There are 2 protein chains.
Amino acid sequence: MKIATYNVNGVNGRLPVLLKWLEEEKPEVVCLQELKAPQEKFPEQEILEAGYQAIWVGQKSWNGVAILTKDLNTEVIRTALPGDESDEQSRYLEVKISDLTVVCIYVPNGNPTPGEKYDYKLKWLERLDAQAELLISSGKPVIITGDFNIIPTESDVYKPEKYIKDALFLPEVRTAFQNLIAQGWTDGLRHLYPAETIYTFYDYFRKAYERNAGMRIDHFLLSPELIPHLKTGGVDKEVRGWEKSSDHVPTWIELENL
Amino acid sequence: MKIATYNVNGVNGRLPVLLKWLEEEKPEVVCLQELKAPQEKFPEQEILEAGYQAIWVGQKSWNGVAILTKDLNTEVIRTALPGDESDEQSRYLEVKISDLTVVCIYVPNGNPTPGEKYDYKLKWLERLDAQAELLISSGKPVIITGDFNIIPTESDVYKPEKYIKDALFLPEVRTAFQNLIAQGWTDGLRHLYPAETIYTFYDYFRKAYERNAGMRIDHFLLSPELIPHLKTGGVDKEVRGWEKSSDHVPTWIELENL
DNA sequence: GCGAGTTCGG
DNA sequence: CCGAACTCGC
């Protein structure tokens, strides 16, 4: 089973690119972030015509997450991250696909630092930590994937020194990621390729893609029982060069015998 | 010689449509209105590659006029309508192509009425009247063409009763047009087709094109010596049905032996 | 309805 | 740099 994550940065503006990529790669499960569309403006019809069912949590202007599945029975578990009833932002979607739990997340960016937005990111990551602990304790197969807005290590960004004060790279944020790993989760892509440079995001400005000025911020966290099934993964880097592409790159893993 | 006028409603947004139409119709002279582009953002390169030289008067956000010519020596005569030095709007361009003077105009819309904008339209038309008088008195061949924002008669709009208080149809404005005719100018298309319904504009709203709810507001005024050369003309109505079309229709005349 | 600008968020 | 929403003009 091929599972992908793709921060589309506007699902309607991105529709031609998204459909072309789906047609070429045909992943069974796709987690999307930054829909930037209200619930009623998600392009359900076009997605259906491409052969995918969709579950989504929209929001006007910002955020928004979705999970697309191809011929798979999908059950919604929750559409919000527990821990703060007053949180209005659409950043979390948890579904069950047969015995596999798939969690699609869009972690707050958190810039500028310091500030309210950074505080919100840290609180959101605390709530994610609690929810991840519950999920991994279940002993069932779970994937948490999406745009984490976290650069896990110095090896995951083209010039770490430029990001010392950035909300994607500050120690507290990297520690939050390590805490998840300490719970027992595995960073899927890094597990497959321990020493490779892997970038999932290239800024729109200053020709970042052409300069290979990227970072790895979209991740797959796998619960232990999934590791034996993990055989390959990667980034569809060329999509970043397409006309009207997102600033993120589609990222995927393949699980065998699942 | 085929001479066309086309209010493009944004020359950059309209570029694919404009280039396709130029490729199909190949007019020797094209007057454009509503460039909606500052001087430095006119797509000169793409127009050159399509085989046209261009002279243009840009303006940020609104207005803007241009004259494109195919393999013809073109000399700029003036880039503003005389009579008000303080007028900042780019609505007038006068050039000489061999012995023919071509004037491209974008008359102010003037709505709502009454109001400042209507007053500005009337004053602009007075200045145009003075300039037209000068031009016709020269005894040389002159064409004044463009978006006049004037519906000359009841026969030039689908439902005249809807436009009684409209700045495009108020008596003062129609009189301004008749005054030009009284100077000796000929309304080229009406001269060719005295009894036909000819529309050059269909609103974007309420499916005006599908309902044939149009009006004739783009005109060719010809000085007397040109009349013997005028053999045919028309509107490229189908262009209005193209993807991402302007609300105006390209309109043209053909002058023989010129 | 649509194009171009601006503002916001990234 | 880019997407979405809003404003303005037509």
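Keep in mind that what you see is a predicted model, and the values were worked out from it rather than measured. Chain identifiers are assigned alphabetically (A, B, ...) following the order of the sequence lines, protein sequences preceding nucleic acid strands; residue numbering begins at 1 within each chain. Keep in mind that the numbers below use all heavy atoms, side chains included, and drop hydrogens, waters and symmetry copies.
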**Message:** If you define the side chain from C-beta out and look only at heavy atoms, does anything of A:Asp218 sit under 4.5 Å from A:Asn7?
**Reply:** yes
**Request:** Measure the distance from CG on B:Asn9 to P on D:dC8 and round it to the nearest whole Å.
**Result:** 18 Å
**Prompt:** Is there a donor-acceptor pair under 3.5 Å between the side chain of A:Arg240 and the backbone N or O of A:Tyr209?
**Reply:** no
**Prompt:** Under 4.0 Å between a Lys/Arg side-chain N and an Asp/Glu carboxylate O for B:Arg174 and B:Asp156?
**Reply:** no
**Request:** Let me know the distance between NE2 of A:His248 and C1' of D:dC2, rounded to the nearest Å.
**Result:** 12 Å
**Asked** Taking atom C1' of D:dA5 as reference, at what distance in whole Å does atom CG of A:Asn12 sit?
**Response** 13 Å
**Asked** Is the closest side-chain heavy-atom distance between A:His248 and A:Thr5 below 4.5 Å?
**Response** no
**Message:** So, OP1 or OP2 of D:dA5: does either fall under 4.0 Å of a side-chain N or O from A:Lys36?
**Reply:** no
**Message:** With rounding to the nearest 0.5 angstrom, report the CD to CD1 distance, A:Gln131 to A:Ile105.
**Reply:** 11.0 Å
**B:Asn111 and B:Leu168, any side-chain heavy atoms less than 4.5 Å apart** = yes
**No-hydrogen, no-angle side-chain donor-acceptor test under 3.5 Å, A:Lys36 and A:Asn9** = yes
**Complete:** Numerically ordered, the residues 105-119 of chain A set in heavy-atom contact under 4.0 Å with DNA chain C is A:Asn109, A:Lys117
**Prompt:** Whole-Å distance between D:dG9 P and B:Phe205 CZ?
**Reply:** 14 Å
**Asked** If you pin A:Gln59 and B:Asn149 to their nearest nucleotides in DNA chain D, which one's is more 5'?
**Response** A:Gln59
**Prompt:** Mind checking which nucleotides bracket the chain A contacts on DNA chain C, 5' to 3', with an atom under 4.0 Å from a heavy atom?
**Reply:** C:dG9 to C:dG10
**Whole-Å gap separating C1' (D:dC10) and OH (B:Tyr120)** = 15 Å
**Request:** Calculate the interatomic distance between A:Lys41 atom NZ and D:dA4 atom P; express it in whole Å.
**Result:** 10 Å
**Message:** Between B:Arg14 (side chain only) and B:Lys244 (backbone N and O only), is there a donor and an acceptor less than 3.5 Å apart?
**Reply:** yes
**Prompt:** So what does B:Arg14 touch, heavy atoms closer than 4.0 Å: a base, only the sugar-phosphate, or nothing?
**Reply:** sugar-phosphate
**Prompt:** In terms of side-chain heavy atoms, does B:Asp236 have a donor or acceptor partner in B:Tyr6 at a distance below 3.5 Å?
**Reply:** no
**Item:** Separation of atom CD in B:Gln89 from atom P in D:dG9, rounded to whole Å
**Value:** 11 Å
**Asked** In whole angstroms, how far is the P atom of D:dG3 from the CG atom of A:Asn7?
**Response** 13 Å
